[in-house]
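Here, residue 1 is the first one in the sequence, and each next residue gets the next number. Counting starts at 1 for both ligands and their atoms, following the listed order.
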Amino acid sequence: FELTFLMRSQELEKAGLLNKTKIAEGGRKLRKNWSPSWVVLVGNSLVFFKDPKSQTPSNWKPGNSRPESSVDLRGAQLHWANELSSKKNVFKLRTVTGNEFLLQSETDSLIKEWYDTIQNVIDRLDRE
Ligand code: I3P
């Protein structure tokens, strides 16, 4: 995974702090483990970073930190999934490879923005 290449060549669309848990890997169910994650939408990928405390939107620089993981949004599916959690404002992202993530924020407007932005990228990729 060449983050530097991604950042140079593609537009950074959105970055922010969300609660995240992976719930499936390749279709196999995983135990939930919620933690705050610095989430960056760049090009066709959603990239997750650890250590969100040291990051803020104003000082975040792609070269400073190593991504924890990344998700290819091509062919991905997005659904509101409040039935999958006791938390509010939860959506599920499922990749073509069968990895599933829940993302959550206490802030209604913020999670709505993320949902719409990710869905727009998925729709754009579907049309290509
Ligand atoms: C889980 C933990 C999660 C919770 C999950 C629990 O327990 O409390 O936060 O998910 O609920 O099983 P543990 O830490 O012992 O693994 P939510 O916060 O999303 O509700 P679930 O099993 O109903 O998914």
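- The existence of a salt bridge linking Lys22 and Glu68 is excluded, since no basic side-chain nitrogen approaches an acidic carboxylate oxygen closer than 4.0 Å.
- Taking a heavy-atom cut-off of under 4.0 Å, ligand 1 is surrounded by Arg31, Lys32, Trp34, Ser85, Ser86, Lys87.
- The side-chain contact (heavy atoms from CB on, under 4.5 Å) check on Arg28 picks up Leu30, with sequence neighbours excluded.
- Under a hydrophobic clustering in which Ile, Leu, Val, Met, Phe, Trp and Tyr are joined whenever their side-chain heavy atoms come within less than 4.5 Å, directly or via other members, Phe101 and Leu125 fall into the same cluster.
- Partners of Glu128 according to the salt bridge (charged side-chain N to carboxylate O under 4.0 Å, His left out) rule, which considers only residues two or more places apart in sequence or in another chain, are Arg74, Arg124.
- Under 4.0 Å is where a charged nitrogen must lie from a carboxylate oxygen, and between Arg127 and Asp123 no such pair does.
- Residues passing the salt bridge (charged side-chain N to carboxylate O under 4.0 Å, His left out) test with Lys32, sequence neighbours excluded: none.
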